[in-house]
Amino acid sequence: MPIDNTNSYYIQPTIHLNTGDGIWVSSQTLGCRINYVKPHIHPAIEILYFTVGNSKVVVNGEEYMVSPGDMVLFRSNSIHEVYSMSDEPCTHLALQISPEQIIALSSQEHSSSYLLRLSLSCHKDKCFWSSEECERNGLAEEFRILREEEQEPSCYSDLKTKISVARILLKILEDISPNTKINDEIDEAVSGCIYNAIVYINKCYRDNITADICAKKVFMSYGHFSRSFKRVTGANFKDYLNTIRVNRAQKALIGTNDSISEICKKCGFNTVSYFISIFRRITGTTPAVYREINRSKASSEDMTDETT
């Protein structure tokens with residue numbers, strides 16, 4: 001997988017998934033403790049179901065300790081990474097679904113709203129399901145089916161996979177945070193435009209983009225776009241853009257030795273003072289303190305590993 005060394009994460013290209021139409025399933029194993037999946041993003045929605053060993057998952061800066069039977073959802077274009085935390089290899093089943101496939105699985109009337117529910121990402125959105133929840137709502141059984149089909153494929157595997165994937169998505173949508181509830185009164189075409197705007201923001205956050213520029217990209221008037229963006233995402237354009245930029249800055253602060261001013265520029269902020277102000281408002285601390293705390297924590301974990 002190619003890595004962009006100018007960032008602390010790499011952008012994973014769109015994958016041609018193994019059902020041939022936007023669904024990919026595979027078992028993945030990390031070695032003992034030291035192995036991890038580098039922070040990265042991609043357009044596909046990804047779901048990990050953990051089967052062996054204990055792991056740590058980081059989603060947009062939020063950490064989750066996971067055990068066998070737990071499930072984690074990575075929304076489209078969210079920065080995520082996975083660490084092995086066991087003295088034995090850790091295994092999980094990875095399911096990736098392209099946005100196009102989600103649209104294909106749902107009705108034309110609601111496809112964009114489903115896609116937005118699985119694409120919008122903020123710290124309040126649910127992304128972790130415990131093993132108890134997975135057993136209770138049937139997610140565990142669907143992943144057992146996917147694992148069987150991945151390990152011993154048959155002539156019906158594609159159909160069985162699609163059925164299980166649809167059931168998994170349905171259970172997630174039924175259980176998802178109210179914060180991602182999309183206004184049912186919003187027109188399907190408008191939902192599609194807002195989704196395209198979100199993809200554009202995630203790709204071009206470094207640039208000097210504005211609500212007016214984004215509105216023109218998705219062929220909407222400025223006023224209609226601003227109102228619709230707020231209704232769909234629950235945040236105004238500027239706040240959403242700043243959140244994306246701060247998420248990228250958090251990764252750069254931990255994963256690179258770039259100065260605060262360099263990170264400020266790479267993440268799309270015009271001045272260091274404005275960057276620090278927005279970073280503090282969103283995270284509750286300054287970039288320098290955030291870097292110091294997280295690097296100290298990482299050093300402590302490394303020292304613990306060396307003594308065990």
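Positions are given from 1 along the sequence.
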Legend entry - Atom pair CZ (Arg248) and OH (Tyr205), whose distance is rounded to the nearest 0.5 Å: 5.5 Å

Inset, instruction - May I ask you to check whether Arg291 and Asn257 show a side-chain donor-acceptor distance below 3.5 Å? - result: no

Legend entry - Contacts of Thr271 that satisfy side chain to side chain donor-acceptor pair (under 3.5 Å) - sequence neighbours left out: Ser273

Inset, instruction - With rounding to the nearest 0.5 Å, note down the distance linking CD1 in Ile168 to CD1 in Ile97. - result: 7.0 Å

Legend entry - By salt bridge (Lys or Arg N to Asp or Glu O under 4.0 Å) - contacts of Lys160 (at least two apart): Glu149

Inset, instruction - For Ser67, enumerate each residue passing the side chain to side chain donor-acceptor pair (under 3.5 Å) test, keeping only those at least two apart in sequence or located in another chain. - result: Asn54

Inset, instruction - Using the test salt bridge (Lys or Arg N to Asp or Glu O under 4.0 Å), find all partners of Arg167 that sit at least two apart in sequence or belong to another chain. - result: Glu142

Inset, instruction - Please check if the side chain of Ser86 supplies one atom and the backbone of Glu88 the other of a donor-acceptor pair under 3.5 Å. - result: no

Legend entry - Nearest heavy atoms of Met71 and Cys134, plus distance in Å: CB-SG, 3.7 Å

Inset, instruction - Any chance you could lay out the side-chain hydrogen bond (donor to acceptor under 3.5 Å, both in side chains) test for Ser27 and Glu150, step after step, and finish with the verdict? - result: CA-CA 8 Å; Ser27 292; Glu150 189 260 341; 3.1 Å; yes

Inset, instruction - Check ring pair (Phe, Tyr, Trp, His ring centres under 6.0 Å) between Phe279 and all other residues, then give those that pass, not counting sequence neighbours. - result: Phe275, Tyr290

Inset, instruction - Name all residues meeting the ring pair (Phe, Tyr, Trp, His ring centres under 6.0 Å) criterion together with Phe229; count only those two or more places apart in sequence or in a different chain, and write none if there are none. - result: Phe225, Phe237, Tyr240

Legend entry - Residue pairs passing the salt bridge (charged side-chain N to carboxylate O under 4.0 Å, His left out) test where at least one lies in residues 214-225, sequence neighbours excluded: Asp212-Lys216

Legend entry - Smallest separation among heavy atoms of Ala44 and Gln96, with atom names: CB-OE1, 4.1 Å

Inset, instruction - Check whether any side-chain N or O of Arg245 sits under 3.5 Å from a backbone N or O of Phe269 as a donor-acceptor pair, and report yes or no. - result: no

Legend entry - Among Cys214, Ser228, Ser226, the one residue meeting side-chain contact (heavy atoms from CB on, under 4.5 Å) with Met220: Ser228

Legend entry - Partner set under side chain to side chain donor-acceptor pair (under 3.5 Å) for Ser261, not counting sequence neighbours: Ser259

Legend entry - Sequence-distant partners of Glu141, salt bridge (Lys or Arg N to Asp or Glu O under 4.0 Å), two or more places apart: Arg144

Legend entry - Spacing of SG belonging to Cys204 relative to CD1 belonging to Ile209, to within rounding of 0.5 Å: 6.5 Å

Inset, instruction - Mind checking salt bridge (Lys or Arg N to Asp or Glu O under 4.0 Å) for Glu148 and listing every partner two or more places apart, or none if nothing turns up? - result: none

Inset, instruction - Can you sort out the partners of Arg281 under side chain to side chain donor-acceptor pair (under 3.5 Å), two or more places apart, ordered by chain and number? - result: Asp239

Legend entry - Euclidean distance, Leu48 CG relative to Gln28 CD, rounded to 0.5 Å: 7.0 Å

Legend entry - Atom pair CZ (Arg136) and CG (Asp175), whose distance is rounded to the nearest 0.5 Å: 8.0 Å

Legend entry - Distance-only polar pair, side chains of Thr91 and Thr29, donor-acceptor under 3.5 Å: yes

Legend entry - Hydrophobic cluster of Leu159, others only, ordered by chain and residue number, side-chain cut-off 4.5 Å: Ile163

Legend entry - Inter-residue atom distance Ile47.CD1 - Ile172.CD1, 0.5 Å rounding: 3.5 Å

